[in-house]
Amino acid sequence: MGNTCYDNRELSWLKFNTRVLEEAEDTGNPFCERLSFASIYQSNLDEFFGVRVGSLYDQMLVSKDIRDNKTNMTCQEQIYAICDQVRLLGLRKDACYADLDKGLEERGVDIATFPEIAPKDARYLDAYFEHEVRPLLAPQVVGRKQPFPFLKNQAIYAVVILGPKKASKAYKSDKLGIVPCSIDVLPRLVRIPDYPNRYMLMEELIIHYLGRIFSHFEVKSKSLIRIVRNADIDPDEEMYDDDTDFRQVMEQLVSRRRRLAPIRLEYANMMDESIIDIICKYLKLKKNYVFPSESPLDLSFFSKISDILRNEKDMFFEKYVQKYPPDLNPRETMMDQIEEKDRFLFYPYESMDPFLKLLNEAAVDPEVVSVKMTLYRVARNSKVVEALIRAAENGKEVSVLVELRARFDEANNIGWSRRLEDAGCSILYGLDELKVHSKICLITRKDGDGVSYITQVGTGNYNEKTARLYTDFCLMSANRDIGEEASEIFTRMYMDEVVEETKHLMVAPKCLRSKILEKVDAQIGLAHAGKPAYVGAKTNSLTDKVIMDKLIEASQAGVKVELVVRGACCLIAGVPGLTENISVRSIVGRYLEHSRIYIFGKEDPEVFISSADFMTRNTTKRVEVAAPVYDSEIRDRVLNIFKILMADNVKARVQMADGSYERMRTDEPPLIAQEYFMKDAGRPEKPEDEGNAGDGSAEAAAEDSEGGGKRPWFKPRMWKKR
C-alpha cells in the first residue's frame, strides 16, 4: 500500500495540539477560555516531550534502526521532524501570546516589565525584592568547587554570564551563574500596588536584579530557561522479583522520574550562543532540543488571571449545571431501576450522581455480597473510593484492581491503594505484563433465587472531576450474560491471566482487536454482495496499523467508514484508490472528547461503547473492555450522538487527503455538537451541585484535549524587553 495513506503518530499528535492552539487564537471563544487553551497547549507539549519524545530518545539509544511501522521513519528522523514542527508552532504560540497580552491590557490586566513602570512602582518592587524575595533565593556560581546544580523539571531559572569586574582580582574569567525563579512560597504574579490589576512575573523581577545578586561580577548576558525532563518510566524486571512489593517499585520509579535526563530546553530573552553551548554541555543536551521563546516560559499563570476575572461572565463559557437523566427517578433505588432495564449516563451533560448512588446502595444492601472494580485514575477526594471503603466496612467483599502504572497518577493511586487496603479491601496492582485500563464494575447479589449481577462498563475513569470535563459514557446493566463474562474477567485478572474468548463483551488483549476485525470483515462481505455496509468509530486516537489496514481494505471494498478521532490519527482519509470511502474528523471544544463508540452495519447496526482506543497499546498491551449496547433506546441514543458529532460544522476539523485538517465549510446552519448535547440533556441537578462554571474548559483540551468564528493570524511580536 506504500505510505501514501499513513501519517506518523507523533507528527499527527502535533496536528492535534495545533488544533488546541487554534482555540486559543479563536476570537469566537470567550477571552478567558482562550487563556486556558493557550496554557493547555503548553502543558500538552510538555507532556508530549516528556513521554513521547522521551520514549523515542530511549529507543534511539538502544538501536538507530528502530523504525515507525507506518512511515518507516527512524527515531532520529521523527525527533528531527518533531523539533522542526515545534519551532514553527513556537512562532505561532508567541504570536498568540502577544495578542492575548494585548487583550489583557484592554480588559484592565497588565503584565508589566521594568521599562514600563513608574519610579514609585520601581521603588516598591525594589523593597519587595530585598525583603520578600532575596532571602529565599539560592544563587549559585558554577565552578570547580561549585558543580552545575540539578535543574528541576519545568521550573524556571535565571542564567547569567558573569565577567570579572575591573577592580576585582578574585575572578579572572567568565563564570556561569544560576538562580532558581520558581519559589513555591511566593506568588508567581507579583501585584503592583495602587493599580487594580497590575502584576509582574516573579522571573521578570529576579532577572532584573541579577546585577545585585551577583554584585562581585559584571553581568554580561542573561536569560531565563526552563527544561522538560524525560518522563518515560516503566517498571524494570531487574528492579524487583517475586518477593518485592510492586507498590514499592512504583514509588522508586516515581522518585527516579524527577531526575531523568533533560529532553527539551526553552529560553526567553535573547542570549549569546556561548551561554546556550555552556548549558547544553552541562545538561548533555544537543542544540536540536533547544527552543527560543518570546513569550513567558510557563503560561500556567493564566489560570490565576482567570480567577482575577472570574466575575466577568462574558469572558467565560456560560455556566452549565449537569443534569439528572430524565429516565431515572432519584427517589427509587438505582438497583431496581437497572434491573428493570439497562441505564445510561452521558457525561458531562448528565451527572455522575446516579452511578455514585448505585455504589452507595451496594455498600449497605444486605443482599450484596461483593463489589469488584478497576481503578485507573480517580479524583483527589474520591467519592467512588469512599463508597468502596464503606462497602468493605459493612462486611462486603470488595476487590479493587488499582493500576499503579497510570502515568502521572502513580503517587495518587499508591495512596488510594493503601487507604483501600487499610479499610479491608482486597487490592491488586495490575497484571505483570499488561496495564489494566478498563472501566468496569461488578456488583454481585445473593438472594433466594441464587446470584444476580449488576455490571457497569464505562469509557472514562471513575473520577468525579473529569466527569464534569470529559465526554464519557456509563452503561449499567443487569444482563446476566454480561455479568457472568464480567465475573470471568475479574477472576482471570486475580489469577494474573486474561480472558481468552467472550461472546458478548470485547476484552483486550485477546478478544477485542480480533472481534473488531471480524466485524469489519462482515461489512466487507456485505459490500462485496452489493448490500449497504458501514463502519463508524469515535476514538481518542487511531494508530493500530492492523486495524488501519483492515479499514483501508474495507474502503477499497466500498464500505463507508466514518471516524471521529480527537487526537493522533495515523490513517489519512480520502486518498484515491485506498481510503476514498473513509472520512476523518476531529472535534476540539469546551469539553474533552473522550468517549469511544464502535458501530458496525447500516441496517440494524451493532453498537459498542469502550475504554479502548484503536491504538496498539490499547488493543494488545492493556486489559480493555467494550460493551455491547443491547437496549434499543440506548442504542438509538448512542447512534444519534455519533450522528450529531458527524454533523458538527463549527468545532469539527475535517482531515484532508494530504493529512492536514481544515474547519468545516458548509452552508448549513451552525451546529456545535457539545452545545446541542447541553440543550438536549435532562433536568437540572440541585442548584448547589457543582457544574461547569466556565472554568472546566481549562482541562477540557488536555491529555490525554481541545470554537468557531474567524481565526486570527498574528505576526510574531517580541516579548517585552527587560
Side-chain angles (χ1 to χ4, degrees), residues 16 19-20 22-37 40 306 312-326 344-352 459-460 466-473 538 540 562 564-566 585-595 597 636-654 661-685 687 689-703 705-711:
F16 153 68
R19 298 193 286 276
V20 177
E22 285 179 0
E23 296 300 307
E25 297 169 333
D26 192 345
T27 56
N29 285 326
F31 184 77
C32 285
E33 305 296 349
R34 294 176 61 198
L35 298 180
S36 296
F37 281 115
I40 290 163
S306 291
E312 304 295 330
K313 300 301 182 184
D314 63 327
M315 295 191 194
F316 298 89
F317 288 130
E318 184 179 353
K319 179 182 174 69
Y320 178 75
V321 179
Q322 289 181 298
K323 307 301 192 299
Y324 202 90
F344 181 81
L345 302 176
F346 186 12
Y347 310 143
Y349 314 107
E350 295 172 341
S351 170
M352 191 181 186
T459 66
T466 55
R468 295 192 295 270
L469 304 172
Y470 296 4
T471 72
D472 272 309
F473 301 141
K538 178 179 184 291
N540 295 326
E562 293 182 327
V564 179
V565 184
R566 184 198 76 225
R585 66 189 58 207
S586 171
I587 294 176
V588 179
R590 172 174 179 164
Y591 299 119
L592 176 76
E593 288 294 338
H594 193 256
S595 55
I597 305 171
D636 289 346
R637 186 180 179 193
V638 174
L639 289 170
N640 187 61
I641 289 170
F642 190 82
K643 177 182 176 182
I644 296 299
L645 291 168
M646 289 297 300
D648 190 312
N649 55 21
V650 177
K651 297 296 185 183
R653 280 81 161 177
V654 178
Y661 286 79
E662 295 184 6
R663 289 185 185 264
M664 290 284 293
R665 293 188 178 94
T666 177
D667 295 329
E668 297 294 324
L671 190 154
I672 300 175
Q674 294 184 355
E675 289 188 1
Y676 176 94
F677 297 136
M678 283 189 276
K679 294 173 182 176
D680 191 53
R683 56 183 179 273
E685 289 273 53
D689 286 345
E690 182 180 0
N692 266 30
D695 56 349
S697 63
E699 298 188 43
E703 188 190 62
S705 318
E706 311 163 335
K710 183 180 179 182
R711 289 177 293 160

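- Residues D472 and T459 have side chains that bring a donor and an acceptor to within less than 3.5 angstrom of each other.
- Inspection of the E23 and N29 side chains reveals an N or O donor paired with an N or O acceptor under 3.5 Å.
- Contact check for S586 versus V564: no side-chain heavy atoms found under the 4.5 Å cut-off.
- Q322 places a side-chain N or O within donor-acceptor distance of the main-chain N or O of P348, the cut-off being under 3.5 Å.
- Between R663 and D26 there is a salt bridge, since a side-chain N of the basic residue sits under 4.0 Å from a carboxylate O of the acidic one.
- Minimum interatomic distance between E593 and N540 (heavy atoms only, all atoms of both residues): O-OD1, 3.0 Å.
- Remark: I644 CD1 to L671 CG distance equals 6.0 Å, nearest 0.5 Å.
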**Item:** Evaluation steps, side-chain contact (heavy atoms from CB on, under 4.5 Å), between V565 and K538
**Value:** CA-CA 6 Å; V565 184; K538 178 179 184 291; over 6 Å; no

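- Closest approach of A673 and D648 over heavy atoms only: N-OD2, 2.8 Å.
- With a 4.5 Å cut-off on side-chain heavy atoms, E350 and Y324 do not count as touching.
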**Request:** Check the pair L645, I641 against side-chain contact (heavy atoms from CB on, under 4.5 Å), reporting the backbone distance first and the verdict last.
**Result:** CA-CA 6 Å; L645 291 168; I641 289 170; 4.1 Å; yes

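- The closest donor-acceptor contact from the side chain of D314 to the backbone of P30 lies at 3.5 Å or more, if one exists at all.
- Taking CZ of R468 as the reference point, atom OH of Y320 lies at 13.0 Å (rounded to 0.5 Å).
- Here E22 pairs with R653 in a salt bridge; the nearest charged N to carboxylate O distance falls below 4.0 Å.
- Distance check: S595 OG to F642 CZ gives 10.0 Å after rounding to the nearest 0.5 Å.
- Looking only at side-chain heavy atoms (C-beta outward), N640 and D636 stay at 4.5 Å or farther from each other.
- Checked against a 6.0 Å centroid threshold, the rings of Y591 and Y470 do not count as neighbours.
- Without hydrogens or angle criteria, Q674 side chain to R590 main chain gives a donor-acceptor distance under 3.5 Å.
- For the atom pair I587 CD1 and L592 CG, the distance stands at 12.0 Å (nearest 0.5 Å).
- Closest heavy-atom contact between Y349 and A681: O-CB, 3.8 Å.
- Both tests hold for R19 against Y661: distance to the six-membered ring centre under 6.0 Å, angle to the ring axis within 45°.
- For R34 (side chain) and A24 (main-chain N/O), a donor-acceptor pair under 3.5 Å exists by modelled atom type.
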**Item:** Check against side-chain contact (heavy atoms from CB on, under 4.5 Å), K313 and K319
**Value:** CA-CA 9 Å; K313 300 301 182 184; K319 179 182 174 69; over 6 Å; no

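- Geometric assessment of R566 against the ring of F16 yields a positive cation-pi assignment under the 6.0 Å and 45° thresholds.
- Relative ring orientation between F473 and F346 is described as tilted, the plane-to-plane angle lying within the 30° to 60° band.
- For the atom pair CZ (F317) and CE (M678), the distance works out to 8.0 Å, reported to the nearest 0.5 Å.
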